[in-house]
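Since the structure comes first, as structure tokens, the remarks are kept for the end.
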Amino acid sequence: MGTLFNWIYQNWVEVTAASISIIYVILSVKEIIWLWFVGFLSAFLYAWVYAKSGFYAGMGLQAYY
């Protein structure tokens, strides 16, 4: 159990981005206007994760989104 918390602590940006993406989908289904802000934040965080890992094609794709 300690290794799970350690992994979450080390990858908090990725966990946050995934959580925000789930919120984005929920807001999209409910047709709430805040989905645009949440979607932008999610794409920004994923671009940060991809840039940190060196996956520049994924980062560029997030810029497109």
Side-chain angles (χ1 to χ4, degrees):
M1 190 65 143
T3 57
L4 175 65
F5 291 126
N6 189 26
W7 182 86
I8 291 173
Y9 179 74
Q10 291 176 349
N11 299 304
W12 67 271
V13 177
E14 188 172 354
V15 172
T16 303
S19 301
I20 290 174
S21 296
I22 293 170
I23 293 170
Y24 170 78
V25 170
I26 292 169
L27 291 176
S28 178
V29 168
K30 293 186 176 191
E31 298 178 354
I32 297 175
I33 194 75
W34 281 97
L35 73 97
W36 293 103
F37 173 73
V38 173
F40 174 76
L41 184 60
S42 171
F44 177 77
L45 288 175
Y46 271 121
W48 181 4
V49 168
Y50 291 146
K52 187 176 173 183
S53 67
F55 183 43
Y56 300 115
M59 185 181 74
L61 186 60
Q62 293 305 314
Y64 172 77
Y65 290 147

For this session: Using modelled atom types only, decide if a donor and an acceptor are shared between the side chain of S21 and the backbone of A17 within a distance under 3.5 Å.
Result: yes
For this session: Identify whether I33 and V25 are in the same connected component of the hydrophobic contact network (ILVMFWY, side-chain heavy atoms under 4.5 Å).
Result: yes
For this session: Look at the side-chain heavy atoms of Ile, Leu, Val, Met, Phe, Trp and Tyr, link any pair under 4.5 Å apart, and say whether F40 and V49 land in one connected group.
Result: no
Problem set entry | Single-linkage hydrophobic cluster, 4.5 Å side-chain cutoff, Y46 and I23 together | no
Exercise. Is the side chain of S28 donor-acceptor paired with the backbone N or O of Y24 at a distance under 3.5 Å, no angle test?
Worked result: no
For this session: Could you tell me which residues satisfy ring-ring contact (aromatic ring centres under 6.0 Å, His included) with Y50, sequence neighbours excluded, listed by chain and number?
Result: F55
Exercise. According to a 4.5 Å side-chain heavy-atom criterion applied to Ile, Leu, Val, Met, Phe, Trp and Tyr, with indirect links allowed, do F5 and W12 form part of one hydrophobic cluster?
Worked result: no
Problem set entry | Gap between atom CZ of F37 and atom CD1 of I20 - 0.5 Å precision | 8.0 Å
Exercise. When clusters are formed from ILVMFWY side-chain contacts under 4.5 Å, directly or step by step, what else is grouped with I26?
Worked result: I22
Exercise. Same hydrophobic cluster for W36 and L27, using side-chain heavy-atom links shorter than 4.5 Å among ILVMFWY?
Worked result: yes
